[in-house]
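Right, one structure below, let's go through it.
Note that this is a predicted model, so its numbers are computed, not measured.
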Amino acid sequence: MLYLLSFILTGIGILAVDNFWNQTNFLVLFNLLGLIMVANVFVFRKIIGPTFWQSLPMMLTIYVFLALFIPTLLIYRSETLKDLLEWDDYLILKASSLGVVFVQCLWMMYHLGITVFPKTSIAGKPGPLTMDKIYIMLILALVTNLIAVVSGTFGILQSTDLEETSKYSVFIDLGQQLSLFALIILTYYYTSKKWLIGGLALILFGIGVVSAQKQAALMPLFVVGVTLLFKTGKFPKGIVLLTVVGTLLAFVAVTSIRQYYFAQHMEGVNSISQVKEISTMALNQQNFNKAYTSYNVNEHILMRLFYGNAVGKAIDYCSKHGYGVPDNSALYHVLLSPFYSVVPRFLMPEKPEANFGNWFASKIYVGYKVKYSIGITPIGYGYMLNGFWGVVAVAGLLGLFMAFLYRLLMPGHVMLYILVFVKTILPADVTWEYFAGNLKMILVYWIIYYLLTIRIFPRHYLATTSSEART
């Protein structure tokens with residue numbers, strides 16, 4: 001009965017947009033879609049039960065709200081922003097209705113997977129790591145992060161071509177994810193070490209800012225909040241407030257750095273002094289003010305959060321040129337994603353490269369070759385595959401895969417699950433990348449954690465540090 005209600009609600013939203021978009025006020029239809037989305041969330045909360053808030057589709061649902069719904073209402077009130085974004089009522093409504101379809105199919109297939117998939121688990125039951133091993137992880141992670149930034153292989157400050165950068169993807173991922181994993185372990189087992197946790201989060205936040213990567217800057221703050229939520233079951237209000245402030249600072253600083261970098265026609269960095277110079281010059285008052293001559297900081301944040309315009313451009317492009325994506329982004333790669341996750345590129349040179357965002361930005365969004373990428377969400381990617389049914393297929397596959405990950409990791413490997421959970425707030429557009437990325441991440445960090453649990457110090461030393469972890 002609840003499934004039928006969800007289908008009826010989603011159908012009403014689709015029919016309303018397709019048949020009345022040019023006869024009804026935009027806000028009426030858009031608010032209808034928003035209410036349908038909220039109603040569907042409550043329907044599946046009832047279906048899933050107590051574990052609903054720990055489900056991976058919850059993070060993807062929040063992502064859809066942030067990408068297609070919340071910024072849209074605020075941008076609609078500004079004629080300036082609408083002109084800058086080349087606003088089209090129909091395309092925005094169509095993108096939002098596809099978001100409703102995506103979320104409904106995602107939860108439906110997730111529930112099916114949770115029901116059908118048997119309970120399984122990775123071998124080995126993890127325990128708390130001693131602080132000396134956590135310090136080893138932190139040192140490796142920070143050094144790797146630093147090398148990735150100053151060598152020009154990470155962030156906007158790349159000194160290599162996009163094709164060349166993909167060769168360093170394992171190196172870059174290790175630096176980012178190892179530091180997040182260490183932060184999860186530290187927060188989960190040593191919650192009382194607040195200064196160390198806060199200091200590490202701020203360092204990682206700073207590395208993300210100077211590399212002009214908002215995602216890398218904000219992830220440490222998300223990690224601390226989500227880990228505390230999983231451990232205590234309580235909503236960490238202080239961390240949420242800090243994340244909101246950090247989001248504002250990240251958008252402000254990163255935008256200024258990007259504007260300065262591109263204005264100077266720079267082609268990357270290869271030393272820490274260059275990183276310092278760019279950051280210092282970009283954030284001085286004169287250059288900072290130049291970054292916001294067309295719009296203020298709040299308007300910039302809205303535009304960066306808003307994906308409706310990008311999804312709309314994908315819809316418009318497909319209506320004129322037909323459906324299709326590059327072969328390296330095709331959906332059939334999902335079947336090969338387990339191999340992509342474990343086989344290195346030198347053994348599998350034909351393994352596709354993750355450059356869909358750059359292809360979309362260059363070919364569709366601006367029409368000429370650019371260095372950066374533009375995300376269009378899994379919704380836009382699904383639509384480019386095969387319209388409405390492409391969105392349904394992508395949502396269904398993601399829902400089943402998320403159910404598999406929950407069955408695999410919870411509750412025995414909660415820290416690995418938290419890492420996947422946090423990364424899902426900013427999912428890859430291309431489905432096989434989400435599959436392969438998470439499978440590789442789980443395998444790598446399960447091996448790392450297992451190796452670190454091997455006793456290399458005297459038993460009495462471990463007993464002392466383990467008692468400290470319990471307190």
Minimum heavy-atom distance [X]-[Y], with the two atoms named:
X      : Y      : result
Leu331 : Ala393 : CD2-CB, 4.3 Å
Ala201 : Val224 : CB-CG2, 4.4 Å
Ala330 : Trp432 : O-CD1, 4.0 Å
Ala310 : Gly375 : CB-O, 3.7 Å
Pro220 : Leu204 : CG-CB, 3.4 Å
Pro378 : Val394 : O-CG1, 3.9 Å

Pair Thr424-Tyr434, side-chain donor/acceptor within less than 3.5 Å: yes

Donor-acceptor side-chain pairing of Trp107 and Ser6 below 3.5 angstrom: no

Which value, rounded to the nearest 0.5 Å, describes the distance between [X] atom [atom1] and [Y] atom [atom2]?
X      : Y      : atom1 : atom2 : answer
Leu419 : Leu178 : CG    : CG    : 10.0 Å
Phe356 : Thr431 : CZ    : OG1   : 10.0 Å
Phe230 : Thr187 : CZ    : OG1   : 13.5 Å
Ser97  : Ile315 : OG    : CD1   : 7.0 Å
Thr61  : Phe44  : OG1   : CZ    : 9.5 Å
Gln104 : Met109 : CD    : CE    : 11.0 Å

Under 4.5 Å between any side-chain heavy atoms of [X] and [Y], yes or no?
X      : Y      : value
Ile374 : Lys313 : no
Val64  : Leu106 : no
Leu56  : Tyr417 : yes
Met137 : Ile185 : yes
Ile425 : Met219 : yes
Val223 : Phe181 : no
Leu398 : Phe435 : yes
Tyr332 : Asp327 : yes

Steps toward side chain to side chain contact (heavy atoms under 4.5 Å, CB included) verdict (Asn438, Phe401): CA-CA 10 Å; Asn438 280 297; Phe401 183 64; 4.2 Å; yes

Step-by-step side chain to side chain contact (heavy atoms under 4.5 Å, CB included) determination, Tyr323 to Tyr383: CA-CA 8 Å; Tyr323 305 119; Tyr383 193 86; 3.9 Å; yes

More than 12 heavy atoms from other groups under 6.0 Å of OH on Tyr3: yes

side-chain hydrogen bond (donor to acceptor under 3.5 Å, both in side chains) partners of Ser55, counting only residues at least two apart: Tyr110

side-chain hydrogen bond (donor to acceptor under 3.5 Å, both in side chains) against Thr191, all qualifying residues, sequence neighbours excluded: Lys231

Under 3.5 Å donor-acceptor, His333 side chain and Glu433 backbone: no

Under 3.5 Å donor-acceptor, Asp429 side chain and Ile376 backbone: yes

Phe306 and Thr72: CA distance, side-chain angles, deciding distance, side chain to side chain contact (heavy atoms under 4.5 Å, CB included) verdict: CA-CA 7 Å; Phe306 179 59; Thr72 303; 3.1 Å; yes

Intermediate values then yes/no, side chain to side chain contact (heavy atoms under 4.5 Å, CB included), Tyr63 and Val103: CA-CA 10 Å; Tyr63 168 76; Val103 169; over 6 Å; no

Could you give the side-chain donor-acceptor pairs of residues 403-410 under 3.5 Å, partners two or more places apart or in another chain?
from   : atom 1 : to     : atom 2 : distance (Å)
Arg407 : NE     : Ile114 : O      : 3.3
Arg407 : NE     : Phe117 : O      : 3.3
Arg407 : NH2    : Ile114 : O      : 2.7

